[in-house]
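Accompanying notes for the structure given below.
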Amino acid sequence: MNKTVNRVLVAKYDELPVRVGQAIKIGEHEIALFRLSNGDVRALENKSPHPKGGVLSEGLVSGEYVFCPLYDWKISLIDGKVQEPDQGQVKTYQVEIDGDHVYIVF
């Protein structure tokens with residue numbers, strides 16, 4: 001069985017602010033998109049894994065982490081894991097950059 005790959009255009013690279021989250025919606029997926037200081041673009045589920053979850057696109061970015069704006073949980077933008085002693089993980093999304101276009105791949 002072949003898996004269908006969808007590539008959805010979500011932004012222009014040059015228009016993404018550095019270290020500031022951007023909320024996007026693709027179907028039922030709410031995604032937080034981040035352009036890091038090193039130029040990488042990362043995408044993850046736009047809800048903290050905290051039981052009362054904050055909106056991650058509003059979080060503070062430091063290096064390759066975003067801090068939940070409500071509960072200050074430190075979440076990796078690489079794999080979505082919460083730094084200990086807190087526990088949890090959010091879904092990450094594959095990002096592709098083609099020229100000035102930024103895509104999320106499903």
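Being a predicted model, the structure only gives us computed values, none of them experimental. FYI, side chains are in, hydrogens and waters are out, and symmetry mates aren't considered; it's all heavy atoms of this structure.
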Between I24 and V8, is any pair of side-chain heavy atoms under 4.5 Å apart? no
Pairs where residues 15-28 contributes a residue and the test side-chain hydrogen bond (donor to acceptor under 3.5 Å, both in side chains) is met, not counting sequence neighbours: none
Heavy-atom pair of closest approach, residues A11 and L9: O-CD1, 3.7 Å
Cluster link I26 to Y13, ILVMFWY, side chain under 4.5 Å: yes
Scan residues 93-106 for pairs that pass salt bridge (charged side-chain N to carboxylate O under 4.0 Å, His left out), counting only residues two or more places apart or in two chains. R7-E96, R7-D98
Check step by step if side-chain contact (heavy atoms from CB on, under 4.5 Å) holds for V10 and L33. CA-CA 9 Å; V10 293; L33 190 66; 3.9 Å; yes
Name all residues meeting the side-chain hydrogen bond (donor to acceptor under 3.5 Å, both in side chains) criterion together with D14; count only those two or more places apart in sequence or in a different chain, and write none if there are none. none
Quick one: name the residues clustered hydrophobically with V82, using the 4.5 Å side-chain heavy-atom rule over I, L, V, M, F, W, Y, and just say none if it's on its own. F34, L36, L44, L56, V61, V66, L70, Y71, W73, I75, L77, V90
Report the hydrophobic cluster partners of Y65, with the cluster defined as I, L, V, M, F, W, Y residues connected by side-chain heavy atoms closer than 4.5 angstrom, directly or transitively. none
Using the rule that Ile, Leu, Val, Met, Phe, Trp and Tyr join whenever any side-chain heavy atoms are under 4.5 Å apart, tell me whether I31 and Y103 fall into a single cluster. no
Looking only at non-hydrogen atoms, find the nearest pair between F67 and S62 and report the distance. CE1-CB, 3.9 Å
Just to verify, what does H29 make a ring-ring contact (aromatic ring centres under 6.0 Å, His included) with, not counting sequence neighbours? Y93, F106
Between D79 and T92, what is the shortest heavy-atom contact and its length? C-CG2, 3.5 Å
For S57, enumerate each residue passing the side-chain hydrogen bond (donor to acceptor under 3.5 Å, both in side chains) test, keeping only those at least two apart in sequence or located in another chain. N46
State the CZ-OG distance between R42 and S76, to the nearest 0.5 angstrom. 8.0 Å
V105 versus N6: any side-chain heavy-atom pair under 4.5 Å? no
Salt bridge (charged side-chain N to carboxylate O under 4.0 Å, His left out): pairs with one or both residues in residues 55-76, sequence neighbours excluded: none
Please check this pair: side chain of Q89 against backbone of G80, looking for a donor-acceptor N/O pair closer than 3.5 Å. no
